[in-house]
Amino acid sequence: YQGTSGDTSIPLSGKTSSSLSILSPLAGTYAYWVRATNPYGTTNSRTARVNVTPALYSDWLVQNGLPSDASGLGAPGVSPNQDGVANLLKYALGMGINDRFDASRGPWTGTRTIGGSTYLIFGFIQSKSAQSVQLVVEESTNLDIWTLTAMECGPSYDNGDGTMTRTFRSSQPMNSKVSAYLRLKA
């Protein structure tokens with residue numbers, strides 16, 4: 001059934017096997033539950049909530065009430081709510097148009113000691129379904145020339161909610177004589 005456990009008003013027609021597959025669901029949060037019956041009685045499962053995130057940028061635009069052709073307020077580099085975070089970056093990070101950055105989502109920076117050397121680190125939470133954009137961490141020593149030399153620290157961590165946590169480090173250990181900067185680019 002679709003809905004809250006015990007609510008039989010929205011049965012899923014023909015869905016009587018041990019697994020459930022729904023083709024091409026629209027982005028959103030859905031609730032499902034099952035009722036198991038045998039000769040000894042009936043029991044209802046708890047409600048399972050499934051969050052479907054848009055795979056394409058154009059779908060994300062529609063979900064957020066923006067022009068699907070990426071024009072005007074839907075352009076990749078525009079920040080419709082004027083928070084300084086471009087549409088394309090919010091899509092790639094699994095955020096809605098009105099979501100604001102906070103410490104739990106990142107991006108965040110800090111230092112990490114690896115093998116006795118201290119490195120600048122940069123982390124963020126990325127949407128696993130954002131297929132039409134690539135995120136890269138760039139590195140610079142002067143804020144003028146940016147390179148793709150930052151290194152990912154270990155494997156990405158699957159957060160279990162359609163996002164993954166990624167952490168990068170500078171290519172060279174921190175040195176008081178050399179400046180180091182890392183940035184996220186979509």
Side-chain angles (χ1 to χ4, degrees), residues 1-70 73-74 76 78-108 110 121-135 137 152-168 184 186:
Y1 295 94
Q2 184 172 354
T4 304
S5 183
D7 177 2
T8 58
S9 64
I10 309 175
L12 298 175
S13 178
K15 305 296 184 184
T16 59
S17 68
S18 61
S19 64
L20 174 64
S21 178
I22 298 175
L23 302 177
S24 303
L26 297 174
T29 301
Y30 299 90
Y32 298 99
W33 66 280
V34 298
R35 173 173 285 164
T37 303
N38 66 21
Y40 300 103
T42 300
T43 188
N44 295 340
S45 72
R46 288 187 280 165
T47 303
R49 299 208 183 285
V50 179
N51 186 27
V52 178
T53 56
L56 300 175
Y57 180 63
S58 58
D59 295 336
W60 181 87
L61 290 171
V62 170
Q63 181 184 24
N64 285 280
L66 298 170
S68 62
D69 63 356
L73 291 178
V78 171
S79 175
N81 62 5
Q82 300 178 353
D83 64 358
V85 183
N87 286 335
L88 190 60
L89 187 56
K90 283 193 173 186
Y91 158 70
L93 297 178
M95 300 172 69
I97 194 66
N98 293 313
D99 291 345
R100 303 239 182 235
F101 281 119
D102 63 45
S104 66
R105 287 198 61 86
W108 57 87
I121 63 164
F122 183 92
F124 57 93
I125 294 177
Q126 177 179 352
S127 170
K128 291 172 48 179
S129 66
Q131 299 172 0
S132 57
V133 67
Q134 179 182 11
L135 290 176
V137 175
E152 192 153 10
C153 299
S156 302
Y157 176 77
D158 187 333
N159 298 315
D161 63 355
T163 65
M164 62 183 168
T165 299
R166 300 180 68 193
T167 306
F168 289 77
L184 183 62

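Please read these numbers as outputs of a predicted model, since none were measured by experiment.
When every heavy atom of Met164 is checked against every heavy atom of Ser156, the shortest pair comes out as SD-CB, 3.8 Å. Nearest heavy atoms, Ser68 versus Leu61: O-CD1, 4.0 Å. Taking all atoms of both residues into account, the shortest heavy-atom contact from Ala86 to Pro76 is CB-O, 3.3 Å. Scanning all heavy atoms of the two residues, the minimum distance from Ser79 to Gly84 falls at OG-N, 3.2 Å. Considering all non-hydrogen atoms of both residues, Val78 and Leu73 come closest at CG1-O, 3.9 Å.
Within the 4.5 Å cutoff, side-chain heavy atoms of Asn87 are placed close to those of Tyr57. Here the side chains of Lys128 and Asp158 are in contact, with some heavy-atom distance below 4.5 Å. Contact annotation: the side chain of Asn64 never approaches that of Asn98 to less than 4.5 Å [non-hydrogen atoms, C-beta and beyond]. By the 4.5 Å heavy-atom criterion applied to side chains, Leu184 and Arg166 are not counted as neighbours.
A donor-acceptor pair is defined here as one N or O able to donate and one able to accept, closer than 3.5 Å; such a pair exists between the side chain of Trp60 and the backbone of Met95. In this structure, the side chain of Trp33 does not engage the main chain of Ser45 through any donor-acceptor pair within 3.5 Å.
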Do Phe124 and Thr163 pass the side-chain contact (heavy atoms from CB on, under 4.5 Å) test, and can you show the C-alpha distance, the side-chain angles, and the key distance before you say yes or no?
CA-CA 10 Å; Phe124 57 93; Thr163 65; over 6 Å; no

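Atom CZ of Arg46 sits about 14.0 Å away from atom OG1 of Thr4, to the nearest 0.5 Å. With rounding to the nearest 0.5 Å, the separation of CG in Asn159 from CD1 in Ile125 is 5.0 Å. Between the OG1 atom of Thr167 and the CZ atom of Phe122 there is a distance of 10.0 Å, given to the nearest 0.5 Å.
A donor and an acceptor atom, one from each side chain of Ser132 and Tyr91, are located under 3.5 Å apart.
At a threshold of 4.0 Å, the pair Lys90-Asp99 does not count as salt-bridged, since none of the basic side-chain nitrogens sits closer than that to a carboxylate oxygen.
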